[in-house]
There are 2 protein chains.
Amino acid sequence: MKKKRPTLQDVADLVGVTKMTVSRFIRNPEQVSGALRDSIQAALDELGYIPNRAPDILSKSKSHAIGVLLPSLTNQVFAEVIRGIETVLEPEGYQTMLAHFGYSPELEEQRIATLLSYNVDALIISESQHTPKAQKMLENAGIPVIEIMDSTSSSPLHIIGIDNCSAAREMTQTMIDHGHRNIVYFAARMDQRTLQKIEGYKQAMQANNLHPIIKETHSASSFTLGAQFLDEVLTQHPDIDGIFCTNDDLAIGALYACQKKGLKVPEQIGIAGFHGHDIARAMVPLLATVITPREEMGRLAAEALLKGLQGAPFQKQVIELSYQIECGESIKAI
Amino acid sequence: MKKKRPTLQDVADLVGVTKMTVSRFIRNPEQVSGALRDSIQAALDELGYIPNRAPDILSKSKSHAIGVLLPSLTNQVFAEVIRGIETVLEPEGYQTMLAHFGYSPELEEQRIATLLSYNVDALIISESQHTPKAQKMLENAGIPVIEIMDSTSSSPLHIIGIDNCSAAREMTQTMIDHGHRNIVYFAARMDQRTLQKIEGYKQAMQANNLHPIIKETHSASSFTLGAQFLDEVLTQHPDIDGIFCTNDDLAIGALYACQKKGLKVPEQIGIAGFHGHDIARAMVPLLATVITPREEMGRLAAEALLKGLQGAPFQKQVIELSYQIECGESIKAI
DNA sequence: TTTTCTATTGTTAACGGTAACATTACCACA
DNA sequence: TGTGGTAATGTTACCGTTAACAATAGAAAA
């Protein structure tokens with residue numbers, strides 16, 4: 001357990017050459033004479049040599065690792081973003097270093113420092129609100145940084161995202177068009193994106209002379225929370241006929257709670273979610289939702305970074321991706 | 001963009017001391033005279049100094065990073081395992097390096113090498129089947145390695161998991177006890193854990209003189225797949241009255257498909273899942289499922305590694321966690 | 001035979017921190 | 001006045017790999 005990994009020197013000693021020759025063999029076998037190749041390979045196998053990246057990271061400040069900083073790892077949305085990122089980075093031989101900061105800017109600052117201290121070659125982040133120190137670190141890092149999720153962010157970084165505000169406005173308007181009037185917004189977490197969505201919801205309600213009502217919490221969303229919100233809102237506002245949720249989890253939880261109570265969806269209450277996860281698109285009734293390009297977002301972000309790493313100029317740019325309103329069966333038919 | 005990060009030397013030059021003094025100040029300010037402290041701090045702030053871990057990793061082979069190798073990152077099960085792991089590691093200042101191998105042993109071998117090349121201090125892995133080379137790397141790594149998920153694994157490593165076979169046997173027996181007879185097993189991915197579950201299902205069926213039927217695919221499970229399997233199985237075996245799925249996704253997908261077809265659950269068909277995700281415990285009808293301690297598994301694994309890193313002897317040990325049979329409302333009441 | 005070239009292998013230094021040891025300066029005390 | 005002690009700071013070497021340059025030997029060319 002305590003004997004440490006063999007180094008190039010160990011392999012070289014076994015073969016009777018210098019470590020430089022072994023190093024050459026590993027990176028470019030043709031540079032080494034045919035006579036040596038077999039014995040070097042044999043020595044590598046025998047010792048189970050595994051390269052050590054640390055020296056390279058130290059001397060070239062290139063780790064071949066990309067830092068990914070997300071608010072949460074358990075959120076389905078981010079899981080799919082990660083999949084998109086890895087789809088692109090993995091074949092290129094880049095390792096992803098994931099970190100999450102639980103929606104806290106202070107923790108985000110720490111995490112940025114940690115990732116940079118490992119010399120990540122590039123960084124993907126996902127919030128537009130940073131502490132001043134974090135801001136400075138990002139500017140001085142000297143590596144490509146890209147911000148994802150929210151295209152309306154005012155951050156000075158390269159951005160790939162969607163317009164959450166307009167997406168929420170459209171979905172709300174769709175519910176109104178379909179005959180829902182007293183629509184409540186279910187919010188959780190209260191991060192930037194949720195605030196954007198609330199803004200869009202309010203705009204649509206006010207444009208139709210309807211009164212916005214918001215149920216909110218700072219804690220995480222869940223199916224259970226959706227059910228709990230529904231109970232509460234029915235007591236406080238018995239006349240509601242629509243619920244728009246900040247994500248599918250809340251919506252599905254609320255929908256189940258309606259089924260338990262015998263409330264007919266969408267006849268008595270229309271329900272809409274956000275993101276369009278697999279389950280929302282398989283369930284009965286089909287959930288009305290905003291389908292967002294989560295995986296594509298990760299993919300595009302990774303591709304942009306790769307280009308930057310391959311020497312292309314990496315300047316600020318805002319890429320707005322499109323979303324899709326899915327009416328499903330959980331809001332009234334027109 | 002191209003100017004590189006300031007080093008200790010840069011800070012030292014600005015203050016007019018050697019980098020050693022700055023290094024001391026960062027790690028232990030009392031070792032530096034009061035007169036210097038303010039100017040060093042000012043220089044650190046001005047340059048935005050961020051420590052570089054590479055030299056330390058190089059000279060001490062300690063990265064303060066833990067490698068976590070999972071088959072998939074998008075699977076809800078593993079997301080919760082990760083949360084458990086991070087709950088423990090993060091407060092201790094350890095960074096997690098996540099990697100996944102898409103259920104391919106060859107890719108797993110590559111990933112192990114990659115994680116080791118970054119000098120991770122310990123490793124959490126999740127399959128018992130490794131290539132010989134992977135096996136050797138794990139043995140020679142000289143770091144604590146722990147295997148999670150399957151307590152019946154024959155691997156020579158430290159193990160924390162559950163007995164998937166006996167869990168599946170119990171759930172199948174429960175369905176039989178509740179009056180279901182022609183129970184089909186829905187399998188996906190066909191990894192070790194699924195094979196274990198199939199074994200348990202078969203044992204229970206045969207013990208009751210019932211004929212096991214297995215629907216299987218090597219592709220990933222999803223809600224959609226559950227629905228598709230249901231359609232197929234109804235054609236092939238119109239007399240089935242029960243479905244036991246290798247995970248909740250398949251089960252919920254099958255359940256929705258039943259609802260669409262107007263098949264009554266559980267009266268006409270009983271359905272059970274595996275894992276007990278939040279949704280399974282919120283939906284209508286409540287899903288029968290095996291509740292597994294996913295987060296606890298991650299937590300315990302991380303704690304065991306930490307102890308090993310803090311010098312405690314790290315010997316092979318098998319920790320079997322308990323699961324819980326939840327009857328829900330999707331199988332008949334007794 | 002001698003020179004030149006080339007293929008192969010060797011040598012040195014560097015990356016940025018820190019452990020271990022060395023030095024300096026100042027003070028207290030005999 | 002000199003000695004010993006101590007607090008503060010400096011110096012050196014090392015971790016493992018590779019870029020850059022150096023050296024060697026053998027073959028081809030003159």
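Letters A, B, ... mirror the listed sequences (proteins, then strands); counts begin at 1.
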Polar side-chain atom of T7(B) near backbone of Q9(B) as donor-acceptor pair, under 3.5 Å
yes
Could you check how far [atom1] of [X] sits from [atom2] of [N], rounded to whole Å?
X	N	atom1	atom2	value
I40(A)	dT8(C)	CD1	C1'	11 Å
Y49(A)	dG16(D)	OH	P	10 Å
R5(A)	dC15(D)	CZ	P	15 Å
L58(B)	dC15(D)	CG	C1'	4 Å
K62(B)	dG16(C)	NZ	P	24 Å
D10(A)	dG16(D)	CG	P	8 Å
M20(A)	dT9(C)	CE	C1'	10 Å

Nearest nucleotide by nearest heavy atom, which residue falls closer to the 5' end of DNA chain D, L8(A) or G34(B)?
G34(B)
Taking atom types as they are modelled, is there a donor-acceptor pair under 3.5 Å from the base of [N] to the side chain of [X]?
X	N	answer
R24(A)	dG10(C)	yes
R53(A)	dG16(D)	no
K19(B)	dG16(C)	no

Can you see if the side chain of [X] gets near the phosphate of [N] - specifically, an N or O under 4.0 Å from OP1 or OP2?
X	N	value
S33(A)	dT9(C)	yes
T21(A)	dT8(C)	no
T7(A)	dC15(D)	no
S23(A)	dT18(D)	yes

Any chance the side chains of [X] and [Y] put a donor and an acceptor closer than 3.5 Å?
X	Y	result
Q95(B)	T114(A)	no
E147(A)	S153(A)	yes
E106(A)	Q110(A)	no

Select one nucleotide: of dA19(D), dT18(C), dT9(C), the one nearest the side-chain heavy atoms of R27(A).
dA19(D)
State which of dT9(D), dT9(C), dG16(C) makes the closest approach to the side chain of L36(A).
dT9(C)
Would D191(B) and R193(B) count as a salt bridge (charged side-chain N to carboxylate O under 4.0 Å, His left out) here? Give the steps.
CA-CA 6 Å; D191(B) 56 13; R193(B) 291 175 294 287; 3.2 Å; yes
Please classify the nucleic acid contact of K60(A) as base, sugar-phosphate, or nothing, using heavy-atom distances under 4.0 Å.
sugar-phosphate
